[in-house]
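To start, the structure under review is shown below, and the notes come after it.
These numbers come from a predicted model, not from an experiment. The figures that follow rest on heavy atoms only: side chains count, while hydrogens, waters and symmetry mates do not.
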Amino acid sequence: MTEVHSKVPVDSGNILDLFNRAKPVRVCAPMVRYSKLAFRCLVRKYDCDVCFTPMIIAADFMRSAKARDSEFTTNKTDRPLIVQFAAKDAQTLADAASVVSPFSDGVDLNCGCPQRIHKDMRKTVDLCQKVEAAGVSWVTVHGRTADERHQPVHYDAIKTIKDSLSIPVIANGDIKSMQDVEAIYELTGVDGVMAARGLLANPAMFAGYEETPLQCVWDWVDIAVEHGTPFTCFHHHLIYMLERISSQPERRVFNSLSSTSAVIDYLHSTYGSA
């Protein structure tokens with residue numbers, strides 16, 4: 001019924017305290033190309049409690065120093081941080097976890113994307129109970145089946161999983177505002193919520209903003225320039241952020257820009273400084 005991620009403890013003492021302090025814990029999802037260090041720094045400024053790296057193929061990560069350098073970057077302020085791996089054998093996952101453990105608060109094993117879990121809820125619950133028995137610290141559940149992309153999330157399935165486990169459960173799927181966060185918390189009783197596209201469109205969402213504030217746009221410019229973010233990534237993030245607050249003609253012009261300096265000039269002339 002659902003996509004499941006299981007968070008494997010590396011040194012999970014401090015991070016699990018979050019589940020006692022904040023309800024629900026607010027989490028930035030693992031997003032290929034997008035949930036990299038610069039973006040994690042941005043969402044942390046706006047009340048995101050925990051960030052995930054993009055998914056890393058554990059075998060490739062262990063095979064090449066070049067892959068490790070390109071796939072995993074962090075700094076002292078980038079905490080709490082969970083590193084997500086895809087792996088098909090335990091030793092490779094353990095080796096990769098040992099490499100990142102000094103620089104992170106846990107590793108996450110991707111058990112679902114893109115296959116996701118069986119339509120039979122009993123099999124989904126059974127899997128979750130097995131990973132709990134194996135010692136994971138929490139599970140994240142995306143409430144859709146393998147053939148569902150934009151259909152409504154099965155929050156009843158997430159509630160069933162939450163009610164079947166004693167470890168924390170994080171809900172993922174269609175979280176685009178703090179109203180969604182509160183509604184899902186009320187519906188399911190989960191311990192945390194994970195957002196992906198909602199944070200791409202509005203990195204300040206967890207701080208209660210309905211749409212991306214101008215200050216957040218300029219914060220992204222400053223952080224991206226400081227981190228040397230490649231132009232394509234820098235530009236794509238801004239395309240997402242500005243979509244709700246710009247007109248179609250403005251988006252057409254902005255999307256055609258091809259340099260960081262042109263983007264900054266456009267932002268100054270169109271929106272002004274923060």
Side-chain angles (χ1 to χ4, degrees), residues 2-19 25-41 43-44 48-117 127-142 161 165-172 190-196 199:
T2 55
E3 175 186 319
V4 176
H5 305 286
S6 51
K7 188 265 180 183
V8 183
V10 171
D11 179 15
S12 57
N14 291 337
I15 195 168
L16 287 176
D17 290 344
L18 277 174
F19 291 103
V25 174
R26 294 160 292 194
V27 183
C28 176
M31 293 178 277
V32 175
R33 295 184 301 277
Y34 292 119
S35 61
K36 294 198 170 182
L37 175 59
F39 187 69
R40 298 195 301 265
C41 291
V43 295
R44 290 184 194 281
C48 183
D49 297 313
V50 180
C51 290
F52 278 58
T53 69
M55 186 185 74
I56 299 170
I57 306 298
D60 296 343
F61 186 75
M62 294 308 300
R63 194 176 296 126
S64 158
K66 183 179 179 181
R68 289 192 288 277
D69 291 341
S70 66
E71 294 288 339
F72 180 65
T73 55
T74 187
N75 61 26
K76 289 181 180 178
T77 64
D78 187 29
R79 305 293 284 269
L81 178 65
I82 305 300
V83 183
Q84 186 185 73
F85 287 112
K88 60 183 180 181
D89 70 272
Q91 189 59 54
T92 303
L93 176 62
D95 292 344
S98 69
V99 171
V100 302
S101 63
F103 315 104
S104 63
D105 301 276
V107 297
D108 180 81
L109 177 61
N110 189 329
C111 304
C113 184
Q115 294 86 14
R116 297 188 179 119
I117 301 302
L127 171 65
C128 291
Q129 290 175 334
K130 283 177 177 174
V131 297
E132 177 179 21
V136 303
S137 301
W138 75 68
V139 295
T140 303
V141 184
H142 185 113
I161 293 168
L165 302 179
S166 57
I167 56 174
V169 173
I170 295 175
N172 177 222
V190 290
D191 306 276
V193 292
M194 175 184 282
L199 281 177

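The line from CG of N75 to CG of L37 is 5.0 Å long, rounded to the nearest 0.5 Å. With values rounded to the nearest 0.5 angstrom, N110 atom CG is found 11.5 Å from I56 atom CD1. Once rounded to the nearest 0.5 Å, the distance linking CG of L16 with CH2 of W138 reads 6.5 Å. Separation of atoms CD1 (I167) and CD (Q129) is listed at 10.0 Å; rounding is to 0.5 Å. Separation of atoms CD1 (I161) and SG (C128) is listed at 4.5 Å; rounding is to 0.5 Å.
Nearest approach of A29 to A196, heavy atoms of both residues: CB-CB, 3.8 Å. When all heavy atoms of V136 and V139 are compared, the pair lying nearest together is CG2-CG1, 4.2 Å. Listed here is the closest heavy atom pair of F39 and M31: CE2-CE, 3.9 Å. Listed here is the closest heavy atom pair of E71 and M55: OE1-O, 4.4 Å. Contact detail for P102 and S98: the closest heavy-atom pair is CD-O, 3.7 Å. Here the shortest heavy-atom pairing between M194 and C28 reads CG-C, 4.4 Å.
In terms of modelled atom types and a separation under 3.5 Å, the side chain of R44 and the main chain of P80 share a donor-acceptor contact. Remark: side-chain polar atoms of R26 are not paired, donor with acceptor, to backbone N or O of A195 under 3.5 angstrom. Between the side chain of R40 and the main chain of F52, no donor-acceptor pair closer than 3.5 Å is present. In terms of modelled atom types and a separation under 3.5 Å, the side chain of D105 and the main chain of I82 share no donor-acceptor contact. Of the possible donor and acceptor atoms, one in the side chain of T53 sits under 3.5 Å from a partner among the backbone N and O of Q84.
Between V141 and V169, some side-chain heavy-atom pair lies under the 4.5 Å cut-off. Contact check for K36 versus P54: side-chain heavy atoms found under the 4.5 Å cut-off.
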List the steps and the verdict of side chain to side chain contact (heavy atoms under 4.5 Å, CB included) for D49 and F19. CA-CA 10 Å; D49 297 313; F19 291 103; over 6 Å; no
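For R63 and D60, the salt-bridge test passes: some basic side-chain N is under 4.0 Å from an acidic carboxylate O.
Ring-plane geometry between F72 and F61 is classed as perpendicular, the angle between the planes exceeding 60 degrees on a 0 to 90 degree scale with a lower cut at 30.
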